[in-house]
Q: 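Below: one structure in structure tokens.
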Protein chains: 2
Amino acid sequence: MSGGVDLDAVRTFVSVADTGQFQHTAAEMAITQQAVSKRIAKLEEDLSVRLFTRTARGAQLTIDGQAFLPHARELLQAEQRAADSVRPGRRALRVDVINRRTAPAALLRDFHRGYPDLQLDVLVLDDSGVDVAIAAVRSGAIDAAFRAITIPARRLPDGIKAVRVVDEPHQLLTGPAHKLAAAPAVTPADLVGHRIWIPGILPGTEWATYYDDLAAEFGLAIDPVGPNFGTEHLLDVLADSATLASLVGEQTRLLWPTHYDLRRIPLHDPTPVYPHSLIWHRDNSHPALATLHHHLASIRSRRRDTGIWTPAWATRQA
Amino acid sequence: MSGGVDLDAVRTFVSVADTGQFQHTAAEMAITQQAVSKRIAKLEEDLSVRLFTRTARGAQLTIDGQAFLPHARELLQAEQRAADSVRPGRRALRVDVINRRTAPAALLRDFHRGYPDLQLDVLVLDDSGVDVAIAAVRSGAIDAAFRAITIPARRLPDGIKAVRVVDEPHQLLTGPAHKLAAAPAVTPADLVGHRIWIPGILPGTEWATYYDDLAAEFGLAIDPVGPNFGTEHLLDVLADSATLASLVGEQTRLLWPTHYDLRRIPLHDPTPVYPHSLIWHRDNSHPALATLHHHLASIRSRRRDTGIWTPAWATRQA
DNA sequence: GGCGAGCCACAACGGCGGGTTGTGCGACTA
DNA sequence: TAGTCGCACAACCCGCCGTTGTGGCTCGCC
């Protein structure tokens, strides 16, 4: 029960399965036939199963070998993808999002669906904050970031570019017992006096800035404090509460038990939207970055410009 | 450019990423802290990238490390699946099909969709022929097989059971210039005098037996000979031919360029169906096998019993 | 500010895994 | 039956990777 599988052995196995002969593989991999024999033998011992039947003119897959083969190929491809994800120079396009349930994440899923051949890595930088993202883009560690730009455009570091690409409308999320649960739509003014609970927002982050401004603008009681026990817990509390509500992005896909009977209620007059900008470096020549720009250009036309609200700092941007 | 990645190093990497400390990982993996340090260092060298920033109270992922982490997890899962596919005793349910484009393969895809947690391996035994499949089931090398049983039920080896589960209707496949291309449906009798081309059928296989009987029954000219250049070639030839047609399973999903304009024409009065039986061993106690039986039972009711044709040997079965 | 604690890296050493060469054995062929 | 082809076993040996021992760095605490 060593458990561990040697990838070189797996590579050797696949080669033998393809060529049908230990010797071919030996030549191909520039080792001796005996080494191939040993590798296969060890792999068979590790898996405690026989992979080939040795005949006088080669090796033939056993049924176990046939079952193992596709998994072996998949394993090697996974290794390739893993190595490619950090390969300096020609790695996957690396894009940062604030979190995986916001509109940009959904947008990137669509992008990936449209260009499945492009290597794409979506990641969530641990320390939230635009500065961190900008620094990462500047250093070349990541290729792009979807963030809300809370600082004036002219103060961006040299070479850093940013364009507002996605406005994510917010919706009110309530349980069935909430006073606004039956409303077809509500305005921000309707929310005055109601408690809005958005747990897990750390002070000083983009989120905090946005919700602070939103609360100040409309006189709302947005309560960002309180421990974040995860989305499930939030939904759990909302489902039973007549006084608490929350705000979620329109495209945020949440899963909850049907008996929770939560409601999503659109916001109007105006609709608060979260302004996501794409941030990238002027000199970044990653080919997939151009493709991403292209993809975004085809989407940007769908953006609404009237009836929406954003913080003052967002309207100062290009 | 060693290229090869050591899975033990990857395991170590993931552990350090989770715990945040080399020492924790060392204790967890029952090795020394120095060994962990070396493994990570070597992995970083292999990938020529820095994965952690070492601090005074632990190790923190770099951005490259964050990008690598999900791929590393995926890689380890792939290793697990590969090992599980042959793990004696509790390996994945192993089911043989005649080929991956027939109805049983589609059925297994549905089965897998319905029970995604079950480990399932679909394989195509190289040497076609029922006997091979039966022998494999008998030896326990595979758990089940979808095959056409061409021998009487009573002659099955002891312990081997078989039940006819899927009848796959055949359709005529023609190019736009074919004389029958515009017909909404045809009968086998309509095919007399037309050339039916089904390349790649080896003599002595289940397929050959079936098509021989079909041809004899209705006086058809089914031409199984000729080299098999692959499906693309077959479609290519059909698209341009006014005299050649082929037979395909109703559920066979073929992809062809739209300008080929190929037609699938149902067969009636009677509809030739290919009788797939599930073959398994009475004493096989693999839990997923019971689930498969359950799944099949819920489907079997959809089988038509009238207006179909099968070879005589098929009707002799239970 | 100095001292101790915690955590990681470097150095020297040793065992063993995995490569090599050399040889043997079984199967198919002429 | 001799020859060839293809894989396995044996002996050897190098290098990798683990160990122990130690040093350096950065905290936090008195």
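In what follows, chains carry the letters A, B, and so on, assigned in the order in which the sequence lines appear, proteins first and then strands, with residues in each chain numbered from 1. Please read these numbers as outputs of a predicted model, since none were measured by experiment.
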Q: Restricting to pairs with a member in residues 92-101 of chain B, which pass salt bridge (charged side-chain N to carboxylate O under 4.0 Å, His left out), not counting sequence neighbours?
A: Asp64(A)-Arg94(B), Asp96(B)-Arg147(B)
Q: Give Ala59(B) one of three labels, base, sugar-phosphate or nothing, depending on what nucleic acid heavy atoms sit under 4.0 Å from its own.
A: sugar-phosphate
Q: Which whole-number value in Å describes the distance from His24(B) NE2 to dC8(C) P?
A: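 About 9 Å, once rounded to whole Å.
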Q: Could you give the CD-to-P distance, from Gln23(A) to dC7(D), as a whole number of Å?
A: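 So the CD-P distance, Gln23(A) to dC7(D), works out to 5 Å.
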Q: In whole Å, I'd like the distance from the CD1 atom of Ile40(A) to the P atom of dC9(D).
A: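 Going from Ile40(A) (CD1) to dC9(D) (P), I get 14 Å.
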Q: In the 5'-to-3' direction, what one-character label does each nucleotide of nucleotides 18-30 of chain D receive under the scheme B = base within less than 4.0 Å of a protein heavy atom, S = sugar-phosphate only, - = no such atom?
A: BBBBB---S----
Q: When you measure from the side-chain N and O atoms of Arg54(B) to the phosphate of dC7(C), is any distance below 4.0 Å, counting only OP1 and OP2?
A: no
Q: Show the nearest heavy-atom pair for residues Glu44(B) and Leu51(B), with the distance to one decimal.
A: OE2-N, 2.8 Å
Q: What is the distance from NZ of Lys42(A) to C1' of dA8(D), rounded to the nearest Å?
A: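 Lys42(A) atom NZ is separated from dA8(D) atom C1' by 18 Å.
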Q: Scan side-chain atoms only and decide if Arg39(B) and Thr12(B) contain a donor-acceptor pair under the 3.5 Å cut-off.
A: yes
Q: I need the Arg91(A) CZ to His286(A) NE2 distance, nearest 0.5 Å.
A: 6.0 Å
Q: Tell me the interatomic distance from Asp6(A), atom CG, to dG19(C), atom P, rounded to whole angstroms.
A: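 Answer to the nearest Å: 8 Å.
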Q: For a quick test of reading the model: is some side-chain N or O of Ser37(B) closer than 4.0 Å to OP1 or OP2 of dC8(C)?
A: no
Q: Report the distance from atom CZ of Phe52(A) to atom P of dC7(D), rounded to the nearest whole Å.
A: 10 Å
Q: So, for Phe22(A) and Ala59(A), which heavy atoms are closest and what is the spacing to 0.1 Å?
A: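 For Phe22(A) and Ala59(A), the tightest heavy-atom pair comes out as CE1-CB, 3.3 Å.
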Q: In whole Å, what is the span from the CG atom of Leu43(B) to the C1' atom of dC16(D)?
A: 16 Å
Q: So among Leu93(B), Ile279(B), Leu125(B), Asp121(B), which one has a side chain to side chain contact (heavy atoms under 4.5 Å, CB included) with Ile142(B)?
A: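 Output: one option passes, namely Leu125(B).
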Q: Round to the nearest Å and state the distance from Arg50(B) atom CZ to dA9(C) atom C1'.
A: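 After rounding, the gap between these two atoms is 10 Å.
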Q: For the CD atom on Glu45(B), are there more than 12 heavy atoms of other groups (residues, nucleotides or ligands in this structure) within a distance under 6.0 Å?
A: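 No - once you tally the heavy atoms of other residues, nucleotides and ligands closer than 6.0 Å, there are 12 at most.
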